There are 2 protein chains.
Amino acid sequence: MTGPDIDLGGVRLPEPRQLEAYFALTEAVSLLQHHVEQQLRAEGGISTVQFQILMALNGVEQLTMTQIADGVVYSRSGLTYQAAQLEKAGLVTRRPSPDDERATLVAITDRGRATVGKVLPGHIEVTRRLLYEAVSADDLDRLGDTMARVRDHIREEPPRSAAPRRKPSSKR
Amino acid sequence: MTGPDIDLGGVRLPEPRQLEAYFALTEAVSLLQHHVEQQLRAEGGISTVQFQILMALNGVEQLTMTQIADGVVYSRSGLTYQAAQLEKAGLVTRRPSPDDERATLVAITDRGRATVGKVLPGHIEVTRRLLYEAVSADDLDRLGDTMARVRDHIREEPPRSAAPRRKPSSKR
DNA sequence: CACAGATGCTTCGAACTCGAAGCACAATCT
DNA sequence: AGATTGTGCTTCGAGTTCGAAGCATCTGTG
């Protein structure tokens with residue numbers, strides 16, 4: 001996996017190709033997300049996070065806050081805030097779990113489902129126009145495979161809250 | 001999340017493969033950016049945006065706010081805020097352009113360069129561990145090509161909400 | 001030159017975000 | 001059981017973000 005890197009002043013820099021891939025990746029996704037945000041706000045009055053929460057709830061009966069947070073890359077407190085917003089807008093309901101008094105069960109309402117239905121076409125249209133249109137079906141497949149692998153790889157990362165191994169490891 | 005033939009509000013969704021690619025893409029990048037954010041904050045006390053701004057300024061002598069904004073996906077007002085933060089921290093300088101009194105010229109300071117140098121190794125390490133490690137050099141090349149194409153494609157998009165090319169109605 | 005519109009940036013208000021701290025309930029230990 | 005530790009979520013404060021509106025300057029046209 002580790003290609004031949006350039007050693008420069010003790011810092012191993014990745015090859016230009018690697019950097020290029022990384023920058024293109026983050027920039028393209030930023031641009032994509034920006035357009036998506038606009039569309040969701042304009043057509044449904046919701047944010048991307050809210051849309052993601054609604055999508056997570058759409059197929060299932062209900063989820064706890066923790067279960068939602070596991071699916072969405074988001075802070076717990078931020079999720080609390082957004083869940084409150086969604087409840088205020090009548091798109092979800094919240095109630096304490098009967099099994100565990102600490103847990104909050106969140107469920108999507110008919111109105112929430114309606115909002116998803118109203119916003120989804122435009123969302124798909126945007127992604128189609130910006131993403132699918134730019135790459136071949138074949139490349140898109142490969143892209144999906146690669147990013148799924150990256151996603152799983154990062155998910156498997158150990159929590160780095162207490163392991164700052166700060167060692168240049170004198171291998172010179 | 002649901003079956004193969006998803007129909008919400010009479011909308012036909014793209015192929016599952018396409019959706020999978022899109023979701024994997026956004027999720028993986030979100031996870032990656034989260035880790036990057038942590039590293040930059042911990043080792044250099046700066047945010048991702050600030051890092052991007054510094055990186056944009058690193059090679060050149062100076063840039064206007066607009067030029068920076070063109071490179072970073074970010075709102076103008078947000079850029080003003082962050083530039084003020086960076087100036088307060090002594091990492092950049094700001095001064096009005098001699099050519100155009102409206103324009104603000106931003107330049108990185110030695111201290112700014114030092115911060116970049118301090119933070120870059122860790123940044124590279126994180127991307128290596130999370131991204132490069134998960135995919136083969138070959139796939140990474142392909143990924144870079146694809147995302148560069150997507151980026152350019154989106155950049156070419158007509159600014160649908162930014163440029164009011166049609167406002168002939170009433171006089172004011 | 002006058003002046004209307006464009007351009008570059010900042011200010012403003014409101015909304016959003018995060019981590020730390022807090023609260024209440026649950027599980028585990030002795 | 002009582003005490004201790006863990007878990008699920010919310011609250012809180014500080015900082016960040018955006019778009020709209022505002023200000024100053026520039027440019028094009030007559």
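The figures that follow rest on heavy atoms only: side chains count, while hydrogens, waters and symmetry mates do not. No experiment lies behind these values; they were computed from the predicted model shown. Naming: A, B, ... by sequence-line order, numbering from 1 per chain.
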Can you find a side chain N or O atom of [X] that sits less than 4.0 Å from OP1 or OP2 on [N]?
X: A/Arg76; N: C/dA20; result: no
X: B/Gln38; N: C/dC18; result: no
X: B/Tyr81; N: D/dT17; result: no
X: B/Gln67; N: C/dG8; result: no
X: B/Gln85; N: D/dT16; result: yes

Tell me the interatomic distance from [X], atom [atom1], to [N], atom [atom2], rounded to whole angstroms.
X: B/Gln82; N: D/dC18; atom1: CD; atom2: P; result: 10 Å
X: A/Glu87; N: D/dC9; atom1: CD; atom2: P; result: 14 Å
X: A/Asp70; N: D/dT7; atom1: CG; atom2: P; result: 13 Å
X: B/Gln62; N: C/dC9; atom1: CD; atom2: P; result: 12 Å
X: B/Gln33; N: C/dT17; atom1: CD; atom2: P; result: 14 Å
X: A/Ile53; N: C/dC16; atom1: CD1; atom2: P; result: 11 Å
X: A/Leu79; N: C/dC16; atom1: CG; atom2: P; result: 14 Å
X: A/Leu63; N: D/dG8; atom1: CG; atom2: P; result: 14 Å

Which nucleotide in [options] has an atom nearest any side-chain atom of [X]:
X: A/Ser75; options: D/dT16, C/dT10, C/dG19; result: C/dG19
X: A/Arg102; options: D/dC18, D/dT25, C/dA26; result: C/dA26
X: B/Arg41; options: C/dT10, D/dT16, C/dG19; result: D/dT16

Pair B/Arg142 + B/Asp145: basic N to acidic O under 4.0 Å: no
Return the 5'-most residue of the pair A/His34, A/Asp100 with respect to DNA chain D, ranking by each residue's nearest nucleotide. A/Asp100
I would like to know whether B/Arg149 and B/Asp152 meet salt bridge (Lys or Arg N to Asp or Glu O under 4.0 Å); could you show each step before the answer? CA-CA 5 Å; B/Arg149 200 151 59 246; B/Asp152 297 341; over 6 Å; no
Quick one: label [X] by what it contacts on the DNA or RNA (base, sugar-phosphate, nothing), any heavy atom closer than 4.0 Å.
X: A/Thr80; result: base
X: B/Thr64; result: sugar-phosphate
X: A/Ser77; result: base
X: B/Ser47; result: nothing

All N/O donor-acceptor pairs, side-chain side in residues 68-83 of chain B, below 3.5 Å, sequence neighbours left out:
{"unit_1": "B/Ser75", "atom_1": "OG", "unit_2": "B/Gly78", "atom_2": "N", "d": "3.0"}
{"unit_1": "B/Thr80", "atom_1": "OG1", "unit_2": "B/Arg76", "atom_2": "O", "d": "3.3"}
{"unit_1": "B/Gln82", "atom_1": "OE1", "unit_2": "B/Gln50", "atom_2": "NE2", "d": "2.8"}

Under 6.0 Å between ring centres, would you say that holds for B/Tyr132 and A/His153? no
All salt bridge (charged side-chain N to carboxylate O under 4.0 Å, His left out) counterparts of B/Arg111, not counting sequence neighbours: none
Apply side-chain hydrogen bond (donor to acceptor under 3.5 Å, both in side chains) to residues A/Gln18 and B/Arg128 and explain how you reach the verdict. CA-CA 9 Å; A/Gln18 295 181 327; B/Arg128 183 197 312 285; 5.1 Å; no
